[in-house]
Trainee: 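Take a look at this one; I'll ask things after.
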Amino acid sequence: KSLEKQNQYNIVNISSCASLSPLKGHMCYGLSKAGMDYWTKHMALELGGNGIQINSINATIINSEMGTGPRGYWGNAFRRQWALDRIPAGKFGEVD
């Protein structure tokens with residue numbers, strides 16, 4: 001069925017665990033993700049009664065040039081191990 005016929009819509013925002021806990025050197029990134037989380041909550045409140053479901057996924061560190069590459073914050077061996085020790089799965093996220 002088309003979305004119009006179902007009268008049900010879903011919006012999924014991609015955020016980050018960085019919005020949940022401050023981390024030195026990540027103020028702007030964490031603040032922008034916290035803003036996304038806040039927007040998600042407000043939009044769910046505003047639109048939920050109209051058949052629109054809004055959620056957010058707060059991902060952990062993702063293996064990427066920005067995150068774990070040689071110039072990324074988590075590219076530093078000490079920081080990388082510190083983070084890995086705190087992630088229950090013991091590994092960073094992967095992009096397929």
Trainee: Same cluster or not: Met43 versus Ile11, using hydrophobic residues (I, L, V, M, F, W, Y) connected whenever any side-chain heavy atoms lie under 4.5 Å apart?
Mentor: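 Yes.
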
Trainee: In the hydrophobic clustering (ILVMFWY, side-chain contacts below 4.5 Å, transitive), which residues join Leu31, or is it alone?
Mentor: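 Grouped by the 4.5 Å side-chain rule, Leu31 forms a cluster of one, so the answer is none.
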
Trainee: Not counting sequence neighbours, list each pair that qualifies as a side chain to side chain donor-acceptor pair (under 3.5 Å) and has a residue in residues 13-31.
Mentor: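 Pairs touching residues 13-31 that pass the test: Asn13-Thr40, Ser15-Asp37, Ser19-Asp37, Ser19-Asn58.
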
Trainee: Return yes if some donor-acceptor pair links the side-chain N/O of Asn50 with the main-chain N/O of Ile52 below 3.5 Å, else return no.
Mentor: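 No, Asn50 side chain to Ile52 backbone: no donor-acceptor pair under 3.5 Å.
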
Trainee: Please round to the nearest 0.5 Å and tell me the distance separating atom NZ of Lys33 and atom OG of Ser56.
Mentor: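 These two atoms lie 8.5 Å from each other.
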
Trainee: Got a list of side-chain donor-acceptor pairs under 3.5 Å for residues 80-92, not counting sequence neighbours?
Mentor:
unit_1, atom_1, unit_2, atom_2, d
Gln81, NE2, Asp85, OD1, 2.8
Arg86, NH1, Trp82, O, 2.8

Trainee: So, taking the atom named CG in Leu23 and the one named CZ in Arg79, what distance separates them when rounded to the nearest 0.5 Å?
Mentor: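 These two atoms lie 9.0 Å from each other.
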
Trainee: Quick one: pull up CD1 in Ile54 and CH2 in Trp39 and give me the separation to the nearest 0.5 Å.
Mentor: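 It is 5.5 Å, given to the nearest 0.5 Å.
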
Trainee: I need the Thr68 OG1 to Asn76 CG distance, nearest 0.5 Å.
Mentor: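 Spacing of OG1 (Thr68) from CG (Asn76) equals 12.0 Å.
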
